[in-house]
Amino acid sequence: MDTQPHTSTGRHPGGWRSLGDLPDENLVELTRSGDMTAFEALMRRHNRRLFRVARSILRDVDAAEDAVQEAYLRAYTKLGTYKPTGKFSAWLTRVALNEALMIRRRDRTDTVSLDQINEEVASPLDPADTAAPTAEQFVEAAHARAFLEHAIDGLPENFRMVFVLRVVEGLDVRETAECLELNPNTVRTRLFRAQRQLRGDLTRRLRGESSEIFDFGAERCDRVVERVFERLSA
């Protein structure tokens, strides 16, 4: 979700808007040349997708936010050697996925690698591992959204990643496959199984609520951008 940058950063107020229509490849080249407003435009363009992907792994909003920040910092340091063999957005998504997996591996011992996730079909989570949202959470998240997010969190991880990219984020099969380094047929199969597990009526409700699921609001967007710039300047 695009939001205005804080003018306190010293960058030209609204400068990212003039860059907003440029394709990723142009923004990458500008960033390589030292144009940090171009890098800000990239972050604001991809913040929501990276956050949703990281959250699909970590199932925690704060940890997902940390993963997104680390992904941008890692991507920035690798732009000098980055060679476009596909969409930049897919490459950036893979960076965020790997950062999320590293955070989870750091915090837990019962983890698997991204390669293992792509090769194996995970078993559904034990209901005891997915605590139901509290009444307060239902109120704060407007009932239906909280229920949907909880249901998605209950999917096996490999199904959940495909579902978030295809249905929540709205990517097509080809781009989802590129992001996750999967065969398109595998994407279709996992989406079908995810939808079956969620039940048809839940999936229909999600399509009407998808813009609010795991939302990356303006405040969170600004916070990620500011923290990345603070660390880069340090």
Side-chain angles (χ1 to χ4, degrees), residues 24-25 28 42-43 45-61 63-75 78-79 82-108 110-125 130 148-149 151-198 203 206-207 210-211 213-216:
D24 285 349
E25 291 71 20
V28 168
L42 282 170
M43 285 192 286
R45 177 176 294 173
H46 297 291
N47 261 339
R48 189 177 70 176
R49 178 194 295 189
L50 267 57
F51 175 77
R52 285 173 165 175
V53 165
R55 194 202 174 286
S56 76
I57 295 290
L58 298 165
R59 291 185 293 166
D60 180 90
V61 294
E65 189 174 318
D66 289 342
V68 172
Q69 293 176 43
E70 293 301 324
Y72 283 130
L73 290 165
R74 187 174 298 276
K78 292 180 177 294
L79 283 183
Y82 166 69
K83 296 181 180 179
T85 56
K87 282 191 172 182
F88 174 78
S89 58
W91 176 79
L92 191 59
T93 299
R94 289 194 295 271
V95 173
L97 279 171
N98 285 324
E99 289 298 330
L101 288 167
M102 284 192 288
I103 288 175
R104 193 183 65 173
R105 189 177 299 115
R106 180 192 67 199
D107 296 338
R108 296 172 54 187
D110 57 335
T111 61
V112 294
S113 68
L114 182 58
D115 289 338
Q116 288 174 304
I117 292 171
N118 287 342
E119 292 297 330
E120 300 173 0
V121 176
S123 59
L125 293 173
T130 311
L148 291 168
E149 291 183 355
I152 295 169
D153 280 343
L155 290 171
E157 186 170 271
N158 54 352
F159 294 172
R160 190 167 64 245
M161 288 192 296
V162 169
F163 189 87
V164 166
L165 287 176
R166 282 284 288 115
V167 178
V168 179
E169 191 59 21
L171 303 189
D172 60 25
V173 171
R174 179 190 56 78
E175 191 168 5
T176 301
E178 186 178 358
C179 287
L180 300 178
E181 297 181 303
L182 293 172
N183 183 290
N185 287 333
T186 302
V187 170
R188 295 186 183 94
T189 298
R190 292 183 182 181
L191 177 62
F192 172 77
R193 292 177 178 176
Q195 290 174 322
R196 183 173 60 184
Q197 184 166 327
L198 285 171
T203 302
L206 177 61
R207 293 192 185 279
S210 62
S211 63
I213 296 297
F214 306 149
D215 195 25
F216 197 92

(Q) Which residues pass the side chain to side chain donor-acceptor pair (under 3.5 Å) test with Q69, not counting sequence neighbours? (A) none

Q: Could you tell me how the ring of Y82 sits relative to the ring of F88: parallel (under 30°), tilted (30 to 60°) or perpendicular (over 60°)?
A: perpendicular

Q) Considering only heavy atoms from C-beta outward, does the side chain of R49 approach that of L171 to under 4.5 Å? A) yes

Q. How far apart are the C-alpha atoms of E175 and S89, what are their side-chain angles, what is the distance that settles it, and do they pass the side-chain hydrogen bond (donor to acceptor under 3.5 Å, both in side chains) test?
A. CA-CA 9 Å; E175 191 168 5; S89 58; 3.1 Å; yes

**Q.** F192, CZ: over 12 other non-hydrogen atoms inside 6.0 angstrom
**A.** no

Q: Check whether any side-chain heavy atom of V167 sits under 4.5 Å from a side-chain heavy atom of I152, and report yes or no.
A: no

Q | Spacing of E65 atom CD and L58 atom CG [to the nearest 0.5 Å] | A | 12.0 Å

(Q) Would V187 and L180 count as a side-chain contact (heavy atoms from CB on, under 4.5 Å) here? Give the steps. (A) CA-CA 9 Å; V187 170; L180 300 178; 5.5 Å; no

**Q.** Within-4.5 Å side-chain heavy-atom neighbours: R55 and V61
**A.** yes

Q. Atom CG in D60, atom CZ in R104: separation rounded to 0.5 Å?
A. 13.0 Å

Q: Show the numbers, then the answer: is there a side-chain contact (heavy atoms from CB on, under 4.5 Å) between R160 and R59?
A: CA-CA 11 Å; R160 190 167 64 245; R59 291 185 293 166; 4.0 Å; yes

**Q.** Nearest atoms (heavy-atom pairs only) where V95 meets A71
**A.** CG1-O, 3.6 Å

Q. Measuring from N98:CG to I103:CD1, what's the distance to the nearest 0.5 Å?
A. 11.5 Å

Q. Can you name the nearest heavy-atom pair linking L101 to E157, along with the distance?
A. CD2-OE2, 4.4 Å

Q: Give the C-alpha distance, both sets of side-chain angles, the deciding distance and a yes or no for side-chain contact (heavy atoms from CB on, under 4.5 Å) between L182 and R190.
A: CA-CA 11 Å; L182 293 172; R190 292 183 182 181; 3.8 Å; yes

Q: Decide yes or no for L50 and E99: does some side-chain heavy atom of the first lie under 4.5 Å from some side-chain heavy atom of the second?
A: no

Q. Does R74 reach the side chain of M102, with side-chain heavy atoms less than 4.5 Å apart?
A. yes

Q | L97 side chain reached by M161 side chain, heavy atoms, under 4.5 Å | A | yes

Q.
A side-chain contact here means heavy atoms from C-beta on lying under 4.5 Å apart; do Q197 and F163 qualify?
A. no

Q.
Using 0.5 Å steps for rounding, measure from the OG1 atom of T189 to the CG atom of N183.
A. 8.5 Å

Q) Does the side chain of L92 come within less than 4.5 Å of Y72's, by heavy atoms? A) yes

Q | Atom pair CG (L155) and OG (S56), whose distance is rounded to the nearest 0.5 Å | A | 10.5 Å

Q. Who passes side chain to side chain donor-acceptor pair (under 3.5 Å) against E178, sequence neighbours left out?
A. none

